[in-house]
Amino acid sequence: MKKLLGFLNNYKAESFLAPLFKMLEAAFELIVPLVVASIIDNGILNGDMSFILSRCGILAALAVVGMAASITAQYFAAKAATGFGRELRHSLFEKIQSLSFSELDKMGAASLITRLSTDSNQVQNGVNLVLRLFLRSPFIVFGAMIMAFTVDVSSAFIFAGAILLLSLVVFGIMFYNIRKFRKIQNDLDGITLKTRENLSGARVIRAFTQEENEIADFEEKNKALSHLQKAAGRISALMNPVTYVIVNVAVILLINGGAIRVNAGELTQGEVVALYNYMSQILVELIKLANLIVTVTKSLACADRIRAVFELENTLSHNSDTDILSDNAVDFQNVSLRYNGAGENSLDGISFSARKGSVIGVIGGTGSGKTSLVSLIPHFYDATEGKVLVNGVDVNAYNDEELREKIGFVLQKAALFKGTVRDNLKWGKEDATDDEMLEALKKAQILDSIIEKGGLNAEIEQNGANLSGGQKQRLSVARALVRKPEILVLDDSSSALDFATEAEMRKEILSLDYNPTVFIVSQRASSVMAADKIIVLDDGTAVGIGTHKELLQSCSVYKEIYDSQFGEEAHYEE
């Protein structure tokens with residue numbers, strides 16, 4: 001939590017004034033029992049109405065001033081807490097954006113969403129309550145005890161004993177529950193993940209009639225979370241009754257002892273009432289403190305989870321070796337890749353070169369490493385062994401932003417954002433003109449569909465929910481084309497297209513006037529047949545590199561793929 005308190009640096013004044021005004025309010029409250037005691041001992045006992053009215057006026061003034069101090073404190077606390085929450089979420093989002101794919105894979109999307117939303121809100125609420133009550137409640141408790149000593153020393157020892165017992169109960173429960181609440185937040189990650197998967201995969205779930213199984217699985221996870229929450233809640237629930245018992249036992253001892261001493265003339269009735277009022281104040285504040293401790297315990301657990309994100313470091317390696325080692329657009333020099341936590345390499349000993357302006361096809365079966373290979377070009381991951389060069393320079397020597405400006409990357413799964421077509425295309429080039437965007441849409445074979453939907457101002461729902469699979473893929477291609485990149489990577493970006501549309505789009509891409517280096521990743525032999533060089537992957541290894549005709553003669557894997565799609569006799573007819 002200490003590391004997160006730095007987000008309050010811009011709200012130091014509010015963080016100081018909020019507890020200050022709360023303590024002023026508490027100080028006025030501590031005066032009230034003494035005023036009441038004087039009304040009883042000096043006003044009511046002597047029948048002095050003017051004295052009673054004057055002291056009642058003081059009570060009213062204390063109430064007004066106390067309320068003003070409380071409202072002021074609430075304002076400063078809310079301002080500091082909301083500002084803290086805003087800066088925390090901003091920095092956390094910025095930190096998440098700075099992480100490499102390896103760290104994102106490690107943390108998981110569901111966990112990061114929970115930490116950015118639920119955990120951040122919990123910590124914000126904790127800060128708000130701490131500023132309002134964390135100093136006020138102990139101040140009232142110990143202040144009431146000190147005021148009790150000014151009234152009667154022997155009775156005040158009852159206060160000291162009660163406060164000691166209450167402190168043991170409150171802090172004992174807090175330390176016990178911290179680990180419980182941390183486990184609750186981790187289980188909440190699982191619930192978030194399950195919900196996210198069901199929402200994004202709703203069509204698949206219904207297509208395979210797995211609704212009942214998913215509901216049962218969710219119910220099981222939900223019950224586990226509920227059981228853990230109840231276990232922590234039962235411990236927290238002990239706080240109020242235990243504090244009530246301790247305080248009421250102290251009240252009984254106080255009244256019993258006070259009554260005896262009043263009869264003996266050692267105490268006045270007003271002093272006994274004052275002591276009782278101080279004990280009541282302690283009871284009320286300890287109930288508040290108990291609730292505060294529960295919230296703070298949750299906040300500490302959430303803060304620890306957020307801190308873990310801030311402590312993650314981007315593991316992408318960089319160096320200053322800017323020597324130009326080649327005049328090719330891309331070179332792979334004995335490159336291997338192993339993902340974090342994986343037992344074996346996803347790529348093993350890949351070597352090839354791509355001349356500037358050439359077309360490179362990447363083909364292979366499912367899980368052969370096609371996406372892994374092209375993901376190394378924009379430095380999404382570090383190569384475990386070997387070097388990846390772009391324009392002759394090691395990708396590790398580039399600033400990642402500078403490197404990715406050279407590359408237009410169309411992901412295997414089309415990812416669109418809520419907004420207009422124009423908004424989505426501007427991700428490719430922020431200052432793109434309407435003509436440039438329309439030209440990109442035309443080359444991606446989606447211009448007519450977009451015009452029918454309203455043109456560049458047509459609305460796109462979240463993740464392109466109002467578009468077909470093929471439309472999403474073509475719009476993703478247009479987003480990459482509008483950038484006019486030096487290197488264009490199409491990672492299986494036409495899998496949802498019919499052969500005719502794919503062929504037209506490929507023809508337009510291969511005839512681009514700025515002559516980019518194009519990587520076409522596909523499982524279709526027809527998509528890569530015209531490539532200058534085809535890389536055939538099998539289980540992470542390049543089992544063949546060459547042209548279409550060369551591979552038909554020399555690579556059994558490529559021949560098998562081709563024959564399965566065109567028939568065994570097709571390549572003899574070419």
Side-chain angles (χ1 to χ4, degrees), residues 1 5 8 11-37 58-59 61-81 125-153 155-174 239-240 242-244 246-247 250-251 254 271 273-297 299-300:
M1 188 69 177
L5 292 180
L8 281 173
Y11 303 93
K12 290 179 180 178
E14 290 83 355
S15 300
F16 173 76
L17 292 172
L20 175 64
F21 278 96
K22 271 294 180 182
M23 290 176 71
L24 285 175
E25 178 198 4
F28 296 137
E29 286 187 21
L30 291 173
I31 298 172
V32 170
L34 296 180
V35 178
V36 173
I58 293 174
L59 289 177
L62 288 173
V64 171
V65 175
M67 182 176 70
S70 177
I71 292 172
T72 304
Q74 299 277 28
Y75 168 77
F76 285 125
K79 185 177 180 180
N125 290 337
V127 169
N128 191 8
L129 286 178
V130 165
L131 291 177
R132 287 164 45 200
L133 298 176
F134 199 70
L135 289 180
R136 171 199 156 86
S137 292
F139 182 79
I140 287 281
V141 170
F142 290 103
M145 184 180 71
I146 293 169
M147 296 300 287
F149 272 102
T150 66
V151 175
D152 181 61
V153 175
S155 298
F157 282 109
I158 298 174
F159 284 74
I163 290 171
L164 178 61
L165 288 174
L166 290 166
S167 298
L168 291 174
V169 170
V170 168
F171 289 104
I173 290 174
M174 180 186 75
M239 199 174 295
N240 278 355
V242 171
T243 53
Y244 266 107
I246 294 173
V247 171
V251 167
L254 184 63
E271 288 172 335
V273 171
L275 290 170
Y276 174 77
N277 283 340
Y278 282 129
M279 188 62 74
S280 298
Q281 285 183 346
I282 289 174
L283 174 60
V284 171
E285 290 305 320
L286 282 172
I287 293 170
K288 291 180 182 178
L289 186 60
N291 293 327
L292 171 64
I293 291 299
V294 172
T295 301
V296 168
T297 303
S299 298
L300 289 173

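Throughout, numbering of the chain's residues begins at 1 and tracks the sequence.
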Do any N or O atoms from the side chain of S70 and from the backbone of G66 form a donor-acceptor pair under 3.5 angstrom?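 Not a single qualifying donor-acceptor pair exists.
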Any side-chain heavy atom of [X] sitting closer than 4.5 Å to one from [Y]?
{"X": "E25", "Y": "M67", "result": "no"}
{"X": "V130", "Y": "V296", "result": "yes"}
{"X": "N277", "Y": "V32", "result": "no"}
{"X": "S15", "Y": "L131", "result": "yes"}

- Query: At what distance, to the nearest 0.5 angstrom, does CE of M147 lie from CD1 of I31?
  - Reply: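 Answer rounded to 0.5 Å: 7.0 Å.
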Working to the nearest 0.5 angstrom, can you tell me the gap between F139 CZ and L24 CG?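 Result: 8.5 Å between the selected atoms.
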To check you understand the geometry: which heavy-atom pair defines the closest contact between [X] and [Y], and what is its length?
{"X": "A78", "Y": "N128", "answer": "N-OD1, 4.0 Å"}
{"X": "I140", "Y": "L30", "answer": "O-CD2, 4.0 Å"}
{"X": "A73", "Y": "K22", "answer": "CB-CG, 3.6 Å"}

- Query: For F157, does the CZ atom have more than 12 heavy-atom neighbours from other residues, nucleotides or ligands under 6.0 Å away?
  - Reply: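 Count not over threshold, so no.
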